[in-house]
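Here the structure is laid out as structure tokens; the discussion comes afterwards.
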Amino acid sequence: MDVINKIYKTLHKQYGPQGWWPLFNAKTGKFEYHKGDYSLPKNDAQRFEICVGAILTQNTSWVQAEKALLNLEKINALSPNAILKMSMEKLSAIIKPSGYFRQKAKKLKEFTKFYNSLNSSIPKREELLSVWGIGNETADSMLLYSFKVPTFVVDSYTKRIVSSLGLISAKDSYDEIKAFFEKNLKPDIKIYQEYHALIVEHAKHHYSKKPYGSGCFLRKG
DNA sequence: AACCAGGACGTGA
DNA sequence: TCACGTCATGGT
């Protein structure tokens, strides 16, 4: 079997299903993963929530993005209409815990306008990329976890791991790394969703502090 | 107390 | 194209 599929099997066996993307549960008042359930998001509100979370977590830990999302949720503002009508001052204050709050407030406004223009259709990748504040990873995260398009998400961890394993060159582009994964995987939404989440989980264990890759079991074999 | 976290954009070479 | 600065809060 090829390396890409071997890595997937190994990570899945080690960590199990990750159940991304976490969604707010009104009953528990917390954000929850949904391991083994690939039917989500189940409605438009959840689709929008995932997109907002994808912007808020840019270069920020998920727990910080979660705080910002919870702040929005608490004032019942995790919706397109609420975000559009909120002032920039109010919006940036509400999402402050996620960092880069001025930029992200603008990004949320810009994206929400675009989101409304979709009228519940699925955006093309290039369309998402044309929105200010939506780059490669954010676009792919939205497509994969919100719109359920089997597109591979590459993040800094992905690059760090495959580069460290010698599978790619350190200066390969986003699109090259993405293509490297996609050419070896069948376009299965479950596998794509789990693969990226597993990479993040694995990176948190073995690729977050230097020297990167210490104790990484992907190296033995 | 430096470093990092589920990046993207603007600028100058 | 690409290397580098900027944006910013909160964990460890």
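Residue numbering restarts at 1 for every chain, and letters A, B, ... go by the order of the sequence lines.
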Would you classify [X] as touching base, sugar-phosphate or nothing, given that sugar-phosphate means primed atoms plus P, OP1 and OP2, and contacts are heavy atoms under 4.0 Å?
X: A/Ile134; result: sugar-phosphate
X: A/Phe101; result: sugar-phosphate
X: A/Trp132; result: sugar-phosphate
X: A/Lys209; result: nothing

(request) Report yes or no: does A/Glu182 contribute a side-chain atom to a donor-acceptor pair with the main-chain N or O of A/Thr151 at less than 3.5 Å? (result) no
In terms of ring plane angle, is the pair [X] and [Y] parallel, tilted or perpendicular, where the classes change at 30° and 60°?
X: A/Trp20; Y: A/His196; result: perpendicular
X: A/Tyr15; Y: A/Phe217; result: tilted
X: A/Trp21; Y: A/Tyr145; result: tilted

It should be established whether [X] places a side-chain nitrogen or oxygen under 4.0 Å from OP1 or OP2 of nucleotide [N].
X: A/Tyr174; N: B/dG7; answer: no
X: A/Arg102; N: B/dA8; answer: no
X: A/Lys171; N: C/dC2; answer: yes
X: A/Ser156; N: B/dA5; answer: no

[X] [atom1] - [N] [atom2] separation (whole Å):
X: A/Lys106; N: C/dA8; atom1: NZ; atom2: P; answer: 11 Å
X: A/Trp62; N: B/dG7; atom1: CH2; atom2: P; answer: 12 Å
X: A/Lys159; N: B/dG7; atom1: NZ; atom2: C1'; answer: 10 Å
X: A/Phe111; N: B/dA8; atom1: CZ; atom2: C1'; answer: 15 Å
X: A/Asp155; N: B/dC4; atom1: CG; atom2: P; answer: 16 Å
X: A/Ile95; N: C/dG10; atom1: CD1; atom2: P; answer: 12 Å
X: A/Leu69; N: B/dG6; atom1: CG; atom2: C1'; answer: 13 Å
X: A/His202; N: B/dG6; atom1: NE2; atom2: P; answer: 15 Å

(message) Output the pairing pattern of DNA chain C as a dot-bracket string, 5' first, Watson-Crick or G-U wobble with both distances under 3.5 Å, | for cross-strand pairs, [ ] for crossing pairs.
(response) |||||||.||.|
For [N] and [M], measure between their [atom1] atoms and round to the nearest Å.
N: B/dT11; M: C/dA8; atom1: P; value: 16 Å
N: C/dT6; M: B/dG6; atom1: P; value: 24 Å
N: B/dA1; M: C/dT12; atom1: C1'; value: 11 Å
N: B/dC3; M: C/dG5; atom1: P; value: 15 Å

Among the nucleotides [options], which one has an atom lying closest to any side-chain atom of [X]?
X: A/Gln103; options: C/dC7, B/dG6, B/dA8; answer: C/dC7
X: A/Asn136; options: B/dG6, B/dA5, B/dA8; answer: B/dA8
X: A/Lys67; options: C/dA8, B/dG6, C/dG11; answer: C/dG11
X: A/Gln58; options: C/dA8, B/dG6, B/dA8; answer: B/dA8
X: A/Gln64; options: B/dG7, B/dG6, C/dG11; answer: C/dG11

(message) I want to check a possible cation-pi pair here: A/Lys178 against A/Phe152, using under 6.0 Å from ring centre and within 45° of the ring axis as the test.
(response) no
(request) Establish, yes or no, whether a centroid distance under 6.0 Å links the rings of A/Tyr157 and A/Tyr207. (result) no
(request) Hey, could you give me the CZ/CG distance between A/Phe180 and A/Leu185, rounded to the nearest 0.5 Å? (result) 9.5 Å
(request) Begin from the C-alpha positions of A/Leu165 and A/Ile161 and carry the test side chain to side chain contact (heavy atoms under 4.5 Å, CB included) through to its verdict. (result) CA-CA 6 Å; A/Leu165 291 175; A/Ile161 291 177; 3.9 Å; yes
(request) Return the minimal non-hydrogen interatomic distance between A/Glu32 and A/Asn25, and the atom names on each side. (result) OE1-ND2, 2.9 Å
(request) Assign each of A/Glu137 and A/Tyr212 to its nearest nucleotide of DNA chain B by heavy atoms, then name whichever residue's nucleotide is nearer the 5' end. (result) A/Tyr212
(request) Return the 5'-most residue of the pair A/Tyr100, A/Lys210 with respect to DNA chain B, ranking by each residue's nearest nucleotide. (result) A/Lys210
(request) Give a yes or no on whether a donor-acceptor pair under 3.5 Å exists between the nucleobase atoms of B/dG6, that is its base, and the side chain of A/Tyr195. (result) no
